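Since the structure is predicted, the reported quantities are computational estimates derived from the model, not experimental observations.
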Amino acid sequence: MNSKEVSQAEGKMASLPQHRNKVSQLLDISMYYFNYDTHNPLDLDKASKFALEALATGEAINYTKGIGQSYLQLSKISQEAKKYGQGKKYALKAVDVSKNLGATDLYGEALVMLWSTSTLTGASHQTGIRLIQNAGEAFKRSGNLKREGDCLEELADLYQMEGDYAKALIELKKAMELYKHSGFKKLQNIYELTGRVHLLMGNLDKGVECLVNAENTADAMGETIEFYSTLNNSIAMAYTTFGQPDKALPYIEKALQIAVELNRPERVEVILVNYVSILSKLQRTDKAIALVDKMIVQYPTIKRQDAPVWECMMADIYIDRKEFAKAAQYCEGIERKIKKNGKELNKDDIFDFISSIIRCNIALGNYKKALLYNTKYDSLCNIRSRVFCNTYHMWAFKIDSAAGNYVSAIKHYQQYKQVNDEMLGETKARQINQLNILHESEKKDKNILLLKEQAQSQENSLKSANFVRNTTLAGFMIMSVFIFIIYRNYRQNLRSNVILKSQKEEIDVKNTSLENLISEKEWLLKEIHHRVKNNLHMVVGLLASQCEFLTGKEAVQAINESQRRVEAMSIIHQKLYQSENLSMIDMPSYIYELTENLADSFDSAKQVRFQLDICNIEFPLSHSVPVGLILNEAITNAIKYAFPGEAEGVIDIVLKQEGKGFLLSVRDNGVGIDEHFSIDESPSLGLKLMQGLTGDMQGDFLIRNNNGTEIEIRFSINEDREAIPNII
């Protein structure tokens with residue numbers, strides 16, 4: 001649609017009846033504004049408005065496909081507006097609506113958007129791999145070769161980010177075949193990715209060859225100049241990975257030059273971060289500062305309010321220059337933006353931001369603040385890869401060394417060295433395995449080619465035999481007998497093949513039926529947990545509504561405490577339907593989310609800091625709910641009573657294994673309880689609830705004064721239970 005057609009269509013919308021055509025036209029108008037200028041918030045708002053109207057119309061007439069298309073469009077708009085969490089919610093709804101609709105293309109596109117938004121909200125590469133594989137299967141069922149190839153290309157990119165280069169090359173080869181069969185000729189992007197993978201594997205000649213093919217294909221296809229920016233950036237980062245930043249410099253300069261010519265602020269920002277990193281490695285920080293200042297003048301949006309990208313670059317530059325006072329000013333800006341926009345930031349970027357703060361505070365001798373942020377770093381990396389966890393140990397080693405805690409420093413360094421050695425060994429083993437996979441793949445291709453040659457040779461032999469049979473009578477008789485024998489064997493083989501094929505089809509049908517039953521069971525379990533979570537949220541909402549009609553302080557307080565208890569259980573069911581394991585709860589991420597939720601619910605929590613020491617463990621639902629409710633009560637009591645007035649404090653939360661049992665400890669450094677305190681005489685419902693829940697787990701409950709109030713619960717999980725904890 002052009003601007004005139006859009007204007008006419010907008011004028012007619014109000015008079016159109018509720019019909020499928022109206023849904024389609026609303027989505028067309030939304031797509032027009034979405035594509036018109038994605039950098040203009042007003043256009044995105046218009047795109048969102050018409051998509052929401054399409055959704056409402058589709059729901060009014062029960063047009064399921066239109067509802068799915070509307071959710072998909074809203075997911076794209078939210079992602080472009082950097083509202084990644086909202087985009088993920090819309091993508092999930094699009095997947096749910098289109099899954100059993102029969103519109104496999106729509107289902108595939110919904111899965112692609114779910115992968116994209118999940119990645120931007122911190123999902124693991126393994127989750128992304130699973131979603132992209134499912135999307136590819138959907139496009140395969142619909143016969144959409146182009147989009148199936150796109151999914152395989154994205155899958156290859158995920159594999160290369162995981163360091164599994166052999167699998168990446170295999171998927172890229174499959175994608176290339178699909179592109180060629182579909183008639184798609186713009187292969188420059190897949191050549192570029194293949195070149196990067198070869199470079200990462202150390203195959204410099206092959207990598208350069210593929211990148212040259214990418215450039216030649218781009219020239220032949222009339223590719224936009226923006227592609228050459230991406231290509232030069234890829235070459236630069238490849239050289240940087242191999243420890244050759246001097247060779248990377250001319251390519252990153254070219255990449256930035258093109259991005260500036262195209263006036264792409266977001267692209268300029270990405271390349272600028274890489275450029276500054278390369279200059280820092282070359283110890284050319286003066287040029288880095290001048291470059292950043294120049295780009296800020298030309299593109300003020302780099303100093304945007306939602307992410308501390310500019311502050312992080314400048315802080316790292318001044319840390320490298322050992323001008324720590326200036327670095328500290330930028331680190332303060334990083335801290336402010338993390339606190340303000342932490343939930344909307346890319347989860348992988350947060351590690352870089354926190355690392356800058358830690359480096360700066362170590363250099364300034366602010367070991368307390370460095371330790372605080374390293375603890376936050378550790379809390380985040382408990383649910384990330386071992387690379388990030390290992391970085392935590394290195395930071396802890398540097399902090400403890402600088403602070404004079406040498407015993408702790410040595411311990412952290414030993415842990416860092418141990419994990420580093422393990423990862424190095426795994427890397428070597430993975431490289432050998434990748435070479436074996438490539439070798440087997442090439443061997444398989446050669447065997448296929450050999451079989452084709454053998455089949456051709458056999459066909460030539462039969463032609464020659466027929467010729468001999470027709471030339472002489474004797475040869476004819478001999479050949480007739482020979483053919484008869486071959487024919488009889490062939491018939492026998494044919495009958496056998498028919499039987500085997502029938503058996504195989506029967507087995508395939510049974511396998512498909514079993515897989516469908518398993519998938520249906522998993523879906524039903526997830527749906528149950530989803531609905532339980534929604535019902536619990538409804539209970540919270542009802543309690544909140546009830547508060548509006550209460551005047552008594554104690555009644556309102558009781559309602560608020562009930563809300564927090566329900567929310568503690570709601571988080572558990574939310575994690576169950578979002579995870580692959582439908583019976584076990586990952587305790588580190590659950591406790592971290594619970595503490596963050598409780599901290600947000602109290603104004604006084606601004607003076608309270610949490611220190612978490614949670615072992616990597618998964619609990620069954622039978623113990624996750626009591627543990628969550630106990631933590632809710634203990635933390636709530638600590639925030640409310642331990643730190644009167646404006647006092648600051650720390651709440652330590654420990655969950656660890658002790659022999660065959662477990663210890664859960666919540667301790668604050670506040671005013672503490674009276675030394676004559678007796679729980680039996682206490683009117684507190686929370687304390688009695690904690691004691692009762694501990695009894696349900698057949699555990700021991702202890703509350704005491706230990707420079708503050710300390711609550712200890714020791715419990716175990718019997719192996720004859722339905723599920724036992726999974727120690728990771």
Side-chain angles (χ1 to χ4, degrees), residues 354 358 367-384 386 388-400 403 405 407-416 418-419 568 571 585-599 605 608-619 623-624 626-628 630-639 642 649-670 690 694 699-704 706-717 725-728:
I354 293 178
I358 295 171
Y367 306 126
K368 184 177 180 181
K369 181 175 280 190
L371 179 61
L372 171 66
Y373 274 94
N374 200 35
T375 302
K376 188 173 184 67
Y377 189 101
D378 183 36
S379 299
L380 291 171
C381 77
N382 275 337
I383 53 175
R384 305 296 292 177
R386 286 201 299 162
F388 293 104
C389 296
N390 208 27
T391 304
Y392 157 75
H393 289 301
M394 177 51 71
W395 287 131
F397 162 69
K398 291 182 178 180
I399 294 168
D400 289 339
N405 301 326
V407 174
S408 177
I410 292 171
K411 180 180 178 182
H412 281 295
Y413 182 76
Q414 288 173 337
Q415 289 176 298
Y416 168 80
Q418 179 183 350
V419 175
I571 293 172
I585 299 295
D586 178 64
M587 297 309 294
S589 62
Y590 169 61
I591 293 176
Y592 174 76
E593 188 169 341
L594 178 62
T595 56
E596 288 288 305
N597 190 49
L598 288 172
V608 178
R609 178 165 56 88
F610 292 93
Q611 292 188 165
L612 306 182
D613 182 11
I614 313 299
C615 64
N616 281 341
I617 186 171
E618 294 179 343
F619 274 3
H623 282 65
S624 300
V627 168
I630 290 170
L631 283 171
N632 178 75
E633 298 301 327
I635 295 170
T636 300
N637 286 342
I639 294 175
V650 177
I651 300 176
D652 291 299
I653 303 174
V654 176
L655 176 61
K656 62 183 180 180
Q657 188 175 19
E658 285 190 341
K660 295 183 178 180
F662 301 91
L663 168 65
L664 174 64
S665 169
V666 180
R667 185 177 71 83
D668 61 67
N669 61 350
M690 286 190 284
T694 305
D700 298 323
F701 178 82
L702 173 64
I703 182 170
R704 62 187 176 194
N706 182 10
N707 294 325
T709 303
E710 180 177 14
I711 295 174
E712 283 189 356
I713 297 166
R714 286 180 166 82
F715 62 95
S716 60
I717 302 179
N726 181 17
I727 307 297
I728 301 174

Tell me, do His412 and Gln415 make a side-chain contact under 4.5 Å, heavy atoms counted? yes

For Pro588 and Cys615, which heavy atoms make the closest approach, and how far apart are they? CG-O, 3.5 Å

Identify, with sequence neighbours excluded, every residue that meets ring-ring contact (aromatic ring centres under 6.0 Å, His included) alongside Tyr413. Phe397

How long is the gap from CG on Asn637 to CD on Glu633, to the nearest 0.5 Å? 6.5 Å

Side chains of Ile639 and Ile651, heavy atoms from C-beta outward: is any pair under 4.5 Å? yes

Taking only residues two or more places apart in sequence or in another chain, which ones pass salt bridge (Lys or Arg N to Asp or Glu O under 4.0 Å) with Lys369? Glu335

Asn405 backbone acceptor or donor facing Ser408 side chain under 3.5 Å: no

With sequence neighbours excluded, what pairs up with Arg714 under the salt bridge (Lys or Arg N to Asp or Glu O under 4.0 Å) test? Glu658, Glu712

Derivation of the side chain to side chain contact (heavy atoms under 4.5 Å, CB included) call for Met587 and Leu655: CA-CA 9 Å; Met587 297 309 294; Leu655 176 61; 4.1 Å; yes

How far does CD1 of Ile703 sit from CE of Met690, to the nearest 0.5 angstrom? 6.0 Å

Please list, chain by chain and in numerical order, all residues satisfying side-chain hydrogen bond (donor to acceptor under 3.5 Å, both in side chains) with Asp700, sequence neighbours excluded. none

Backbone of Thr709 reached by a side-chain donor or acceptor of Asp668 within 3.5 Å: yes

Given side chain to side chain contact (heavy atoms under 4.5 Å, CB included), test Leu598 with Leu631 step by step and report yes or no. CA-CA 10 Å; Leu598 288 172; Leu631 283 171; over 6 Å; no

Can you tell which of Thr595, Val654, Asp586, Ile653 makes a side chain to side chain contact (heavy atoms under 4.5 Å, CB included) with Ile614? Ile653

Looking only at heavy atoms, the pair that brings Gly661 and Ser716 closest together is CA-CB, 4.1 Å

Where do Glu710 and Ser665 come nearest, in terms of heavy atoms and distance? OE2-OG, 3.7 Å

Counterpart residues, salt bridge (Lys or Arg N to Asp or Glu O under 4.0 Å), relative to Asp400 (two or more places apart): none

Applying side-chain hydrogen bond (donor to acceptor under 3.5 Å, both in side chains) to Gln611 and not counting sequence neighbours gives Arg609, Asp652

Within this structure, what is the OH-CD1 distance for the pair Tyr373 and Ile358, rounded to the nearest 0.5 Å? 9.5 Å

Those residues that, when tested against Phe715, pass side-chain contact (heavy atoms from CB on, under 4.5 Å) (two or more places apart): Phe619, His623, Val627, Phe662, Leu664, Met697, Ile713

If we only count heavy atoms from C-beta on, is the Leu612 to Thr375 side-chain gap below 4.5 Å? no

Thr694 OG1 to Ile630 CD1 distance, which is reported to the nearest 0.5 Å: 4.0 Å

